[in-house]
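Side chains are part of it too, since the values below use all heavy atoms of this structure and drop only hydrogens, waters and symmetry mates. We name chains A, B, ... by the order of the sequence lines, and we start the count at 1 in each one.
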Protein chains: 4
Amino acid sequence: MRKNMRGRPRSRASQEAVLRAAVELLEEQGFTAMTMEGIAVRAEVSKQTVYRWWSSKSEVVVEALSTGYFPGGLPIMQHSGEGRDDLRADLRAWLDAMRESIACEADASLTQAVLVALAGGSERSAAVHEWLVMPMREALERRFIAHDQRHPGTLAGPPEFLAELLAGSLLLRLMFAEPTSSQWVDQLLDFVSPAPLRRPLE
Amino acid sequence: MRKNMRGRPRSRASQEAVLRAAVELLEEQGFTAMTMEGIAVRAEVSKQTVYRWWSSKSEVVVEALSTGYFPGGLPIMQHSGEGRDDLRADLRAWLDAMRESIACEADASLTQAVLVALAGGSERSAAVHEWLVMPMREALERRFIAHDQRHPGTLAGPPEFLAELLAGSLLLRLMFAEPTSSQWVDQLLDFVSPAPLRRPLE
Amino acid sequence: MRKNMRGRPRSRASQEAVLRAAVELLEEQGFTAMTMEGIAVRAEVSKQTVYRWWSSKSEVVVEALSTGYFPGGLPIMQHSGEGRDDLRADLRAWLDAMRESIACEADASLTQAVLVALAGGSERSAAVHEWLVMPMREALERRFIAHDQRHPGTLAGPPEFLAELLAGSLLLRLMFAEPTSSQWVDQLLDFVSPAPLRRPLE
Amino acid sequence: MRKNMRGRPRSRASQEAVLRAAVELLEEQGFTAMTMEGIAVRAEVSKQTVYRWWSSKSEVVVEALSTGYFPGGLPIMQHSGEGRDDLRADLRAWLDAMRESIACEADASLTQAVLVALAGGSERSAAVHEWLVMPMREALERRFIAHDQRHPGTLAGPPEFLAELLAGSLLLRLMFAEPTSSQWVDQLLDFVSPAPLRRPLE
DNA sequence: ATGTAAACGAGACGGTACGTCCAGTCTTCCG
DNA sequence: CGGAAGACTGGACGTACCGTCTCGTTTACAT
């Protein structure tokens with residue numbers, strides 16, 4: 001049984017041009033300053049075509065960001081490798097990357113843009129939460145769980161809590177462009193995994 | 001040396017009416033939907049009078065919130081009293097209050113509104129950070145410090161870190177209306193002060 | 001020599017549906033308010049099919065009206081019959097019918113619509129003139145000529161002039177929904193044929 | 001008792017610029033092609049200012065025309081002068097002027113524009129009738145009455161009828177750009193005032 | 001008491017973007 | 001190929017606020 005697709009099919013070129021334009025303008029002007037009209041002009045597409053597929057600015061932005069048009073994206077926690085399992089090193093690498101993101105104008109404005117995008121209503125709120133907050137939280141959580149399995153009892157608390165606390169703190173700092181010092185990172189590392197790297201020294 | 005104050009003095013009534021109107025509209029419509037024009041109408045004041053004293057919507061909102069026109073405000077951590085010093089009980093009380101705030105539509109939308117208000121520029125960002133984030137963080141910090149002085153070594157980490165992590169996590173949950181369970185609160189308590197209140201009982 | 005007619009032949013059903021829809025919408029909404037899109041929808045025909053055969057709204061309307069889809073049409077002057085030749089009676093009958101048309105909302109708005117349809121350019125102007133003005137003028141003229149042949153010298157002026165003046169006056173009244181009284185009709189009759197029917201009575 | 005006029009007064013400059021722009025565009029593009037947006041741009045006025053005072057294109061045009069922004073206007077019947085009283089000469093002069101108007105592109109398109117303007121509704125219809133039809137009719141009527149008083153019994157009919165018939169015929173010819181020959185004018189003169197130039201021959 | 005001067009209300013102004021509508025064209029599939 | 005469906009560009013629509021600008025009015029201090 002085939003599906004009967006009458007009428008001119010949706011133009012992939014237009015769709016992509018809009019999302020690309022949205023990200024460009026988001027970086028250049030920020031969420032509040034960018035306009036639907038501007039997106040259409042930049043994408044060389046009629047305004048009607050934008051409104052046909054997205055009903056608001058935030059919908060365009062959310063789709064653009066959540067389908068990978070975000071140039072780079074926030075740093076995600078990496079696992080150090082097969083044989084190695086150095087949580088402390090992995091965390092430090094990630095926190096350093098986050099430190100750059102916080103200092104980076106573009107990243108900060110993108111985060112703010114996303115926040116503004118969610119201000120409209122709870123539907124959007126959920127989308128943003130799923131796209132911005134959850135990935136960071138989950139990446140951290142997976143890493144913590146892995147570490148906990150290999151070195152039981154060396155974490156300061158349940159993996160999901162550590163993940164949530166860390167994510168919350170970092171996102172808030174990102175939002176307010178509150179820089180993180182290397183000292184702060186050290187303290188954080190000690191806090192999350194106090195034992196594993198200290199005990200050997202004893 | 002006297003200051004020469006010619007001309008009609010600023011009307012306190014107008015000033016208050018504007019701030020009151022701003023808060024009302026913030027609750028009713030959210031930050032994005034409310035307008036300077038709407039504020040003027042609601043306050044029964046001419047638009048020019050609003051612009052004479054505040055140059056933008058976010059300035060009005062920030063002043064309104066930071067001078068106490070915020071109806072209620074977020075719960076703040078209380079100290080259990082002179083003789084007593086039960087961190088666990090104080091934290092639980094505060095976390096329960098936060099749980100209600102998170103569930104409360106008005107509080108969540110106000111928090112979102114405030115966060116959005118900062119999206120415009122870094123000047124505002126600082127004001128919001130100072131008004132919204134710092135108070136929570138500092139209240140927690142003070143409490144943790146007090147506890148640490150009485151019961152050294154029983155905190156899971158440096159007071160300022162615990163404060164920041166907790167504040168970050170809670171604000172993020174508030175922002176996204178992510179509810180907190182009592183189970184979650186229990187785990188959090190165990191996490192923050194694992195030993196001090198339990199071990200002595202053993 | 002046969003003409004080679006390849007492909008699917010033009011659908012008569014579609015053509016008629018379009019013209020019918022055009023007249024319906026003309027009556028319901030007037031010329032300005034009706035749209036090509038609306039015609040297509042009402043006729044249950046694709047927009048392209050409309051554009052394939054008519055290049056503009058006024059073309060559709062003009063064809064619809066000039067091929068008899070006009071419901072009713074303006075009253076036309078009748079000849080009283082073979083043996084009889086009462087110009088005065090015929091004129092009175094026709095003027096009474098026109099009086100009703102002028103009072104009739106639908107007729108007036110249709111006339112206005114047709115006039116508006118010509119506003120675009122001179123091509124259309126000619127078509128409308130031919131369809132709306134000429135018939136009335138010619139019917140009157142024929143009648144006046146017939147009368148003049150039987151009763152020479154009893155008309156107030158050359159037949160073609162009387163016809164033009166009458167048609168002009170009546171169409172203008174129709175256009176502006178300016179009602180005609182029976183008194184006005186009397187005066188008009190006296191004016192057109194002052195002597196022929198009165199003097200003999202003296 | 002003074003009238004309290006609060007608020008910034010209406011700008012006469014803007015008002016005039018809009019009406020002037022409307023007439024210019026009417027001549028250049030015709031009624032259908034001109035747009036509210038175009039009027040605003042041409043008048044160097046914001047679109048909102050146009051809509052503040054006129055709710056539609058036809059309102060602007062009608063006001064522009066009825067307050068004298070019409071460049072020239074249709075020719076009006078003149079009285080030949082104090083001592084003289086030559087209706088025939090006056091009529092001939094006016095009909096010659098009308099002949100030029102009919103041939104003139106600008107005049108014809110203006111007349112058509114006015115017609116289109118009235119198509120919207122009966123409110124406008126009345127305004128147009130008052131501005132376009134009545135003046136012509138009344139000027140003719142006044143002249144006929146004057147002539148009738150001096151030379152009773154020399155007119156082909158009641159002054160008001162002659163006026164209406166003439167106006168109707170001429171306006172319809174103007175509308176459809178149907179030219180008038182000098183021969184036609186002669187016949188018309190004979191028709192309107194059969195006696196004055198005929199009787200001497202008797 | 002009488003200026004003088006700033007704050008006030010009212011509201012018009014030039015703008016910008018909104019979100020909708022329709023004109024025409026183009027692209028795809030079906031009969 | 002004709003026709004139905006419907007996406008496309010383009011541009012005007014009428015509205016909502018923006019932030020600025022006159023106005024006439026009010027209110028307090030300074031003569």
Side-chain angles (χ1 to χ4, degrees), chain A residues 2-11 13-15 33-41 44-53 55-57, chain B residues 2-11 13-15 33-41 43-53 55-57, chain C residues 5-11 13-15 33-40 43-53 55-57, chain D residues 2-15 33-41 43-53 55-57:
Chain A
R2 281 218 313 108
K3 189 175 162 203
N4 193 355
M5 283 289 284
R6 305 265 290 226
R8 181 176 180 172
R10 175 171 185 184
S11 158
S14 295
Q15 184 182 0
M34 70 189 281
T35 68
M36 288 294 257
E37 206 131 336
I39 292 172
V41 169
E44 290 181 310
V45 140
S46 91
K47 208 166 36 152
Q48 185 59 51
T49 295
V50 182
Y51 278 106
R52 203 193 319 278
W53 304 108
S55 62
S56 69
K57 196 166 58 167
Chain B
R2 276 217 316 109
K3 192 176 161 199
N4 194 355
M5 282 288 285
R6 305 257 296 215
R8 181 178 180 170
R10 176 173 184 184
S11 156
S14 295
Q15 184 183 0
M34 69 190 281
T35 67
M36 288 293 257
E37 206 131 335
I39 293 172
V41 169
E44 290 181 309
V45 139
S46 92
K47 207 164 44 151
Q48 186 57 47
T49 297
V50 182
Y51 277 107
R52 203 191 319 277
W53 304 108
S55 63
S56 71
K57 193 166 61 167
Chain C
M5 286 287 283
R6 305 246 302 206
R8 182 175 177 175
R10 175 173 183 185
S11 158
S14 295
Q15 183 183 359
M34 68 189 283
T35 67
M36 288 295 258
E37 206 132 334
I39 292 172
E44 290 180 310
V45 140
S46 91
K47 207 162 45 148
Q48 187 56 47
T49 297
V50 182
Y51 276 106
R52 202 186 321 273
W53 304 107
S55 64
S56 71
K57 194 166 59 166
Chain D
R2 281 219 313 107
K3 190 178 161 199
N4 193 357
M5 281 290 286
R6 309 262 291 225
R8 181 176 181 170
R10 176 171 184 184
S11 158
R12 171 162 295 276
S14 296
Q15 184 183 359
M34 70 189 281
T35 67
M36 287 295 257
E37 205 131 336
I39 292 172
V41 169
E44 289 181 311
V45 138
S46 90
K47 208 168 30 156
Q48 186 58 49
T49 295
V50 182
Y51 279 106
R52 203 191 320 277
W53 304 108
S55 63
S56 70
K57 196 167 56 167

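- For A:R52 and F:dA5, the CZ to P distance is 16 Å, given to the nearest whole Å.
- OP1 or OP2 of F:dT9 lies within a sub-4.0 Å distance of a side-chain N or O belonging to A:T49.
- Closest non-hydrogen pair, D:A40 versus D:S46, comes out as CB-C, 4.1 Å.
- A:I39 places its CD1 atom 13 Å from the C1' atom of E:dC18, with the value rounded to the nearest Å.
- A distance of 13.0 Å separates OG1 in B:T49 from CD in B:E44, rounded to the nearest 0.5 Å.
- Straight-line distance from the NZ atom of B:K57 to the P atom of F:dG19: 9 Å, rounded to whole Å.
- Across all strands, D:S14 comes closer than 4.0 Å only to sugar-phosphate atoms, never to a base (heavy-atom distances).
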Expected rows: protein N/O vs nucleotides 15-17 of chain F N/O, under 3.5 Å:
none

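- For E:dG15, the OP1/OP2 oxygens have no side-chain nitrogen or oxygen of D:S46 closer than 4.0 Å.
- Shown here are the side-chain hydrogen bond (donor to acceptor under 3.5 Å, both in side chains) partners of D:T35, two or more places apart in sequence or in another chain: there are none.
- In this structure, D:S11 reaches the sugar-phosphate backbone alone: every heavy-atom distance under 4.0 Å involves primed, P, OP1 or OP2 atoms, never a base.
- Taking 4.0 angstrom as the limit, C:W53 places none of its side-chain polar atoms (N or O) nearer than this to OP1 or OP2 of F:dG2.
- Of the two residues contacting DNA chain E, namely A:G7 and B:V45, the nearest-nucleotide position lying further toward the 5' end is that of B:V45.
- In this structure, CE on B:M36 lies 9.5 Å from NZ on B:K47, to the nearest 0.5 angstrom.
- A distance of 6.5 Å separates CE of B:M34 from NZ of B:K57, quoted to the nearest 0.5 Å.
- A donor-acceptor contact under 3.5 Å links the side chain of D:R8 to the base of F:dC21.
- The residue among B:R6 and C:E44 whose nearest nucleotide of DNA chain F is located toward the 5' end is C:E44.
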